[in-house]
Amino acid sequence: MSIECEEMEGGNVTRRDFIKTAAVVGASVLAVQAVGRGEARAAEEAKTAAKAATATAAGGGTKKVADVLKVAREKMYPRCRVCPECDGVACSGEVPGMGGLDSGRAFRNNLQALAKYDLKMRTFHDVKKPDTSVTIFGAKLSMPILSGITGGVTYNMGLGGKVGEDEYAEGIIGGCVLAGTIGFAADGIGDPLATYETRLKTVAKYKGRAVAQIKPRSQADIIQRIRLIEATGAPFFAIDIDSAGRAARALPGQTVEPKTLEQLREIARSTKLPFVVKGVMTPEEAVAAYKVGAAGIVVSNHGGRVLDHTPGTAQVLPAIADKVKGKMTIFVDGGIRYGADVLKMLALGADAVLVGRPLVRGSVGGGAEGVAAILKKMQDELVVAMTLTGTADVKKVSRDILA
């Protein structure tokens, strides 16, 4: 984590002020919401979150990225080696696990597609305080980086008895809130409704600052879960249609399936919440998602974990953006490890990115503070990349900065 200049500025605030302001403001909002609802339990949870946020803002207990990764390695090995460069080589074919499916080619394609792009360095300009803030479906974020949709602490991460699903989700979502952004609560294929409801309690705890995903279940099951999400105050929700490739892992009596356009239209019409379709890899399906009423898409090959030999997301993103940019919100995931990767994806047409494996390690190795530390590192790197490409605003990134 680069911390050589404590006063380096990003998003129009100093690095020292960022965590302090975001934490204190976020804590105050939580407390006011809780009291307004008149729920003693919610108020107590908000106070607890406020104390944790204030401690972080004051520097107490702030974790270093190196220490977080060390703990994550100790807990996750051998399921995840926490390699210095997370390139999918050591874990190739380990699904369930943290690797890519079969040959692992799709996982590696994500990294390689991003690596094909370089950034043009420009230093003759007046960009001195890049703005990293962005608004997504009404939620104002400190950076265009959200958590990926990740879960499965036992079957994917090998953490049985070390970290529970609820603790993991609290780390992801709480850490994103500390960093001024949004985290996802995941819906696992084998999760009963009661388990999902428990995770949504974390989403509700951070009302308006957390979101949830739903597996491509039956229409009735999806709409049932949408109603639960609506009650949490989440600003939007996503369905990872790409999980249809995991149908073989669904429990007897459960449905995990692809969706027809009519089914997607039914989902979009069933709620006033913005509906995001995850798993779009072609311009044709991006346009189709827009036409049936989806408010956003995630350009994603599910981290290379559902279909081998798919192209990397950075490879297909430009053509997709050319078709739907400005019509709907475009998220992208896949191989994003550094702030420069974020800037590349924005230049290729994304409005924001989802980051998976780095934040998995952050939550496992350091809980909410670990996740916040990883995100702050990426934001710092993004500010540097913006400064040295002459990019003033993450909402206006030119494709011309790519070499």
Side-chain angles (χ1 to χ4, degrees), residues 101 106 136-137 148-152 184-197 199-200 203 211-232 234-303 305-307 310 313 316-317 319-321 323-324 327-334 351 354:
L101 188 73
I136 302 292
F137 298 126
I149 302 170
T150 57
F184 270 91
D187 177 20
I189 287 177
D191 291 342
L193 184 60
T195 299
Y196 191 61
E197 289 176 316
R199 287 193 197 133
L200 290 185
V203 177
V211 291
Q213 151 265 2
I214 305 171
K215 288 296 182 189
R217 302 174 181 275
S218 70
Q219 294 295 92
D221 285 344
I222 287 174
I223 292 173
Q224 182 182 30
R225 283 166 169 74
I226 289 173
R227 297 291 171 261
L228 295 174
I229 294 172
E230 289 171 338
T232 68
F236 65 95
F237 72 97
I239 297 180
D240 55 337
I241 309 296
D242 43 348
S243 283
R246 301 293 187 85
R249 285 177 47 199
L251 296 178
Q254 289 191 352
T255 299
V256 182
E257 61 184 11
K259 294 295 179 183
T260 66
L261 293 181
E262 188 52 44
Q263 286 176 315
L264 292 176
R265 186 177 289 108
E266 179 186 10
I267 293 168
R269 290 176 175 174
S270 72
T271 180
K272 293 182 180 180
L273 281 181
F275 165 40
V276 174
V277 179
K278 178 178 175 291
V280 173
M281 288 290 286
T282 66
E284 295 78 13
E285 290 207 330
V287 171
Y290 170 71
K291 288 182 177 180
V292 299
I297 57 173
V298 182
V299 178
S300 173
N301 62 8
H302 209 87
R305 295 167 57 76
V306 292
L307 177 64
T310 60
T313 53
V316 302
L317 176 58
I320 290 172
K323 291 291 186 180
V324 299
K327 298 178 179 179
M328 62 197 317
T329 299
I330 302 175
F331 300 97
V332 65
D333 66 14
D351 296 301
L354 307 186

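The shown structure was predicted, so the numbers you read here are calculated from the model rather than taken from an experiment.
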N/O donor to acceptor pairs below 3.5 angstrom from side-chain atoms of residues 284-294, sequence neighbours left out:
none

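- The CG atom of Leu354 sits 11.0 Å away from the CD atom of Gln213 when rounded to the nearest 0.5 Å.
- Asp240 places no side-chain N or O within 3.5 Å of a backbone atom of Lys278 that could act as its donor or acceptor partner.
- Looking at heavy atoms from C-beta onward, Thr255 lies out of side-chain contact with Asp221 at the 4.5 angstrom threshold.
- Considering only residues two or more places apart in sequence or on other chains, Pro283 meets the side chain to side chain contact (heavy atoms under 4.5 Å, CB included) condition with Ala319, Ile320, Lys323.
- Under the side chain to side chain donor-acceptor pair (under 3.5 Å) criterion, Arg225 pairs with no residue at all, not counting sequence neighbours.
- Using a 4.5 Å heavy-atom threshold, the side chains of Leu264 and Ile241 count as touching.
- When all heavy atoms are compared, the tightest approach of Gly148 to Phe184 is O-CB, 3.8 Å.
- Looking at Val324 and Ile330, their side chains come closer than 4.5 Å, going by heavy atoms from C-beta outward.
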Practice task
Verify side chain to side chain contact (heavy atoms under 4.5 Å, CB included) between Val277 and Ile267, making sure each step is shown before the conclusion.
Solution key: CA-CA 10 Å; Val277 179; Ile267 293 168; over 6 Å; no

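- Ser300 and Asp333 form a side-chain donor-acceptor contact under 3.5 Å, judged by distance and modelled atom types alone.
- Between Ile226 and Ser270, the shortest heavy-atom distance links the atoms CD1-OG, 3.7 Å.
- With values rounded to the nearest 0.5 angstrom, Glu230 atom CD is found 11.5 Å from Leu200 atom CG.
- The main-chain N or O of Arg265 is never found under 3.5 Å from a side-chain atom of Lys259 such that the two would form a donor-acceptor pair.
- Counting heavy atoms from C-beta outward, Val211 and Pro235 have side chains that approach closer than 4.5 Å.
- Within the structure, every pair that satisfies the ring-ring contact (aromatic ring centres under 6.0 Å, His included) test and touches residues 257-281, not counting sequence neighbours, is listed here: Phe237-Phe275.
- In this structure the side chain of Arg217 never reaches within 4.5 angstrom of the side chain of Gln224, judged on heavy atoms.
- At least one side-chain heavy atom of Arg199 sits under 4.5 Å from a side-chain heavy atom of Asp191.
- Minimum interatomic distance between Asp351 and Met328 (heavy atoms only, all atoms of both residues): OD2-O, 3.8 Å.
- The aromatic rings of Phe331 and Phe236 lie parallel to each other, their planes meeting at an angle below 30°, with 60° marking the opposite boundary.
- Take Asn301 and apply the side chain to side chain donor-acceptor pair (under 3.5 Å) test, not counting sequence neighbours, and it matches Asn110, Thr310.
- In this structure, Pro258 and Ala244 approach most closely via the heavy-atom pair N-CB, 3.5 Å.
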Practice task
Kindly determine whether Val203 and Ile229 satisfy side chain to side chain contact (heavy atoms under 4.5 Å, CB included), including the steps that lead there.
Solution key: CA-CA 8 Å; Val203 177; Ile229 294 172; 6.0 Å; no

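- Glu266 is linked by a side chain to side chain contact (heavy atoms under 4.5 Å, CB included) to Gln219, Ile223, counting only residues two or more places apart in sequence or in another chain.
- Atom CZ of Phe137 is separated from atom OG1 of Thr329 by 3.5 Å, given to the nearest 0.5 angstrom.
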